[in-house]
Amino acid sequence: MRASFSAFAVLLAACAPPAPSATVQDVATGSWRATLDAEGGYAATSFGPSERDDLFRVFCSLPVGRVTLQSAHTLPHDRETTMTIHTAARAIALPARSENLPDGALVFAQLDGVDPRLTALSQSQQRFTIEVEGVSLVIPWHDSIAQTLRACG
């Protein structure tokens with residue numbers, strides 16, 4: 001089973017948009033989960049092997065129109081860094097911060113829901129790459145990303 005997983009990770013890395021000088025982190029197969037909670041004031045979509053193991057998440061606070069992008073990268077707690085998203089159209093470098101929570105480590109970037117840089121992430125494509133300090137996650141694109149971003153804009 002491990003050989004199939006490694007072959008899958010290599011295939012994903014080979015098909016992903018280029019991430020200069022990055023190490024591709026093994027990406028487990030997973031699925032997308034989307035939530036729209038108008039009463040709770042948020043829309044979200046996440047990808048990962050299970051609900052507790054998200055590799056990537058797009059969260060929108062509906063009342064303020066704020067998007068938070070979260071990626072499963074491990075860095076020292078509360079460190080300023082850059083999250084670069086490589087899409088089929090372009091690379092988007094975003095100021096980000098690390099956070100180590102009981103459920104796991106992540107890096108997050110926040111921006112206004114109408115920020116034009118989000119357009120590249122909302123466009124249909126085969127996959128995209130999230131790079132933080134030379135480590136990349138290759139994630140398959142899903143329409144729930146565009147739906148979550150539209151809800152926020």
Side-chain angles (χ1 to χ4, degrees), residues 5 8-9 11-13 15-17 19 22-75 77-79 81-153:
F5 175 72
F8 180 72
L11 176 62
L12 283 176
C15 296
T23 302
V24 176
Q25 185 171 330
D26 285 348
V27 175
T29 57
S31 60
W32 282 96
R33 293 167 300 285
T35 305
L36 174 60
D37 186 345
E39 286 184 28
Y42 74 92
T45 187
S46 58
F47 175 82
S50 72
E51 285 185 39
R52 296 188 160 257
D53 297 316
D54 288 340
L55 297 174
F56 183 71
R57 186 169 195 235
V58 179
F59 180 89
C60 170
S61 175
L62 297 171
V64 295
R66 187 115 183 111
V67 171
T68 301
L69 305 174
Q70 299 174 344
S71 182
H73 283 84
T74 303
L75 296 175
H77 181 69
D78 202 29
R79 179 174 172 176
T81 189
T82 300
M83 175 189 292
T84 303
I85 300 175
H86 299 270
T87 70
R90 64 185 280 208
I92 310 158
L94 303 169
R97 181 169 294 282
S98 64
E99 190 169 341
N100 295 323
L101 304 169
D103 291 341
L106 60 89
V107 171
F108 69 95
Q110 293 185 316
L111 53 162
D112 192 74
V114 295
D115 190 308
R117 295 175 291 182
L118 292 171
T119 302
L121 187 57
S122 66
Q123 294 173 341
S124 179
Q125 55 205 293
Q126 190 172 15
R127 57 189 42 87
F128 59 97
T129 303
I130 302 103
E131 180 185 355
V132 176
E133 298 195 11
V135 176
S136 294
L137 295 174
V138 180
I139 306 289
W141 188 86
H142 192 267
D143 188 53
S144 62
I145 297 170
Q147 291 169 3
T148 299
L149 293 174
R150 272 194 304 272
C152 213

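We count residues from 1, following the sequence as given. In this text the structure is predicted, and so the values were computed from the model without any measurement.
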Chemist: Quick one: list whatever passes side-chain hydrogen bond (donor to acceptor under 3.5 Å, both in side chains) with Asp54, sequence neighbours left out.
Modeler: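 For Asp54, the residues satisfying side-chain hydrogen bond (donor to acceptor under 3.5 Å, both in side chains) (neighbours in sequence not counted) are Arg33, Ser46.
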Chemist: Check salt bridge (charged side-chain N to carboxylate O under 4.0 Å, His left out) between Arg66 and all other residues, then give those that pass, not counting sequence neighbours.
Modeler: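 If we apply the salt bridge (charged side-chain N to carboxylate O under 4.0 Å, His left out) test to Arg66, skipping adjacent residues, there are no hits.
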Chemist: Do the non-hydrogen side-chain atoms of Tyr42 and Ser61 ever get within less than 4.5 Å of each other?
Modeler: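 Tyr42 does not reach Ser61 side chain to side chain.
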Chemist: Among residues at least two apart in sequence or on other chains, which ones pass side chain to side chain contact (heavy atoms under 4.5 Å, CB included) with Leu36?
Modeler: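 Checked Leu36 against side chain to side chain contact (heavy atoms under 4.5 Å, CB included); matches are Ala43, Leu62.
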Chemist: From the options Leu149, Val58, Thr35, select the one residue that forms a side chain to side chain contact (heavy atoms under 4.5 Å, CB included) with Thr45.
Modeler: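 So the option named by the test is Val58.
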Chemist: Do side-chain atoms of Glu131 reach the backbone of Thr129 as a donor and acceptor pair under 3.5 angstrom?
Modeler: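 It does not hold such a pair.
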Chemist: Enter the distance from Gln147:CD to Trp32:CH2 here, rounded to the nearest 0.5 Å.
Modeler: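 One gets 11.5 Å once the value is rounded to the nearest 0.5 Å.
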Chemist: Give the minimum heavy-atom separation between Phe47 and Gly30, together with the two atoms involved.
Modeler: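 Phe47 and Gly30 have their closest heavy atoms at CE1-C, 3.4 Å.
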Chemist: Applying side chain to side chain contact (heavy atoms under 4.5 Å, CB included), can you list everything that pairs with Ser124, at least two apart in sequence or on another chain?
Modeler: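 Ser124 satisfies side chain to side chain contact (heavy atoms under 4.5 Å, CB included) with Trp141 once adjacent residues are dropped.
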Chemist: Quick one: does Ile92's side chain get under 4.5 Å of Thr84's, heavy atoms only?
Modeler: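 No; the side chains remain at least 4.5 Å from each other.
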Chemist: For residues 85-101, pull every pair meeting salt bridge (charged side-chain N to carboxylate O under 4.0 Å, His left out), keeping only residues two or more places apart or in separate chains.
Modeler: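 Residue pairs with at least one partner in residues 85-101: Asp78-Arg97, Glu80-Arg97.
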Chemist: List the atom of Asn100, the atom of Leu75, and the distance in Å for their closest heavy-atom pair.
Modeler: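 The pair with the smallest heavy-atom distance is ND2-O, 3.2 Å.
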Chemist: Which pairs pass disulfide bond (SG atoms under 2.5 Å apart) with one or both residues in residues 96-141, sequence neighbours excluded?
Modeler: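 Output for this query is empty, none listed.
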Chemist: Which pairs count as salt bridge (charged side-chain N to carboxylate O under 4.0 Å, His left out) when at least one residue sits in residues 112-123, sequence neighbours excluded?
Modeler: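 Salt bridge (charged side-chain N to carboxylate O under 4.0 Å, His left out) check on residues 112-123 returns Asp115-Arg117.
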Chemist: Considering non-hydrogen atoms only, spot the tightest contact between Ala88 and Gln125 and give its length.
Modeler: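 Smallest heavy-atom distance, with atoms named: N-OE1, 2.8 Å.
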Chemist: Is Ser98 close to Thr74 at the side-chain level, that is, under 4.5 Å between some pair of heavy atoms?
Modeler: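 A side-chain contact under 4.5 Å is absent here.
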Chemist: Using the rule given for ring-ring contact (aromatic ring centres under 6.0 Å, His included), can you reason through Phe128 versus Phe56, listing the C-alpha separation, both sets of side-chain angles and the distance that settles it, and then say yes or no?
Modeler: CA-CA 11 Å; Phe128 59 97; Phe56 183 71; 5.3 Å; yes
Chemist: If every non-hydrogen atom of Val138 is compared with every non-hydrogen atom of Arg127, which pair is closest and at what distance?
Modeler: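 Closest approach of Val138 to Arg127, heavy atoms only: CG1-CD, 3.6 Å.
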Chemist: I need the minimum non-hydrogen distance between Thr119 and Ser122, along with the two atoms involved.
Modeler: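 Heavy-atom minimum between the residues: O-OG, 3.0 Å.
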Chemist: Can you name the residues that form a side-chain hydrogen bond (donor to acceptor under 3.5 Å, both in side chains) with Thr82, not counting sequence neighbours?
Modeler: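 Checked Thr82 against side-chain hydrogen bond (donor to acceptor under 3.5 Å, both in side chains); zero matches.
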Chemist: Kindly indicate whether the side chain of Val67, heavy atoms from C-beta on, has any atom under 4.5 Å from the side chain of Leu118.
Modeler: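 Heavy-atom side-chain distance check passes, below 4.5 Å.
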Chemist: Applying side-chain hydrogen bond (donor to acceptor under 3.5 Å, both in side chains), can you list everything that pairs with Ser71, at least two apart in sequence or on another chain?
Modeler: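 With sequence neighbours excluded, Ser71 shows a side-chain hydrogen bond (donor to acceptor under 3.5 Å, both in side chains) to His73, given in chain and number order.
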Chemist: Checking Asp103 now: which residues fulfil salt bridge (charged side-chain N to carboxylate O under 4.0 Å, His left out) with it, not counting sequence neighbours?
Modeler: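 Asp103 satisfies salt bridge (charged side-chain N to carboxylate O under 4.0 Å, His left out) with no residue once adjacent residues are dropped.
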Chemist: Which pairs, with at least one residue in residues 104-153 and sequence neighbours excluded, count as a disulfide bond (SG atoms under 2.5 Å apart)?
Modeler: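 Those involving residues 104-153 are Cys60-Cys152.
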Chemist: Quick check: closest heavy atoms across Ala109 and Leu94, and the distance to 0.1 Å?
Modeler: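 Reported closest heavy-atom pair: CB-CB, 3.9 Å.
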Chemist: If you look only at pairs with a residue in residues 133-153, which of them pass as a salt bridge (charged side-chain N to carboxylate O under 4.0 Å, His left out), with sequence neighbours excluded?
Modeler: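 Passing the test, one end in residues 133-153: Arg79-Glu133.
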Chemist: Using a 4.5 Å cut-off on heavy atoms from C-beta on, say whether the side chain of Ile130 contacts that of Leu69.
Modeler: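 No - every pair of side-chain heavy atoms lies 4.5 Å or more apart.
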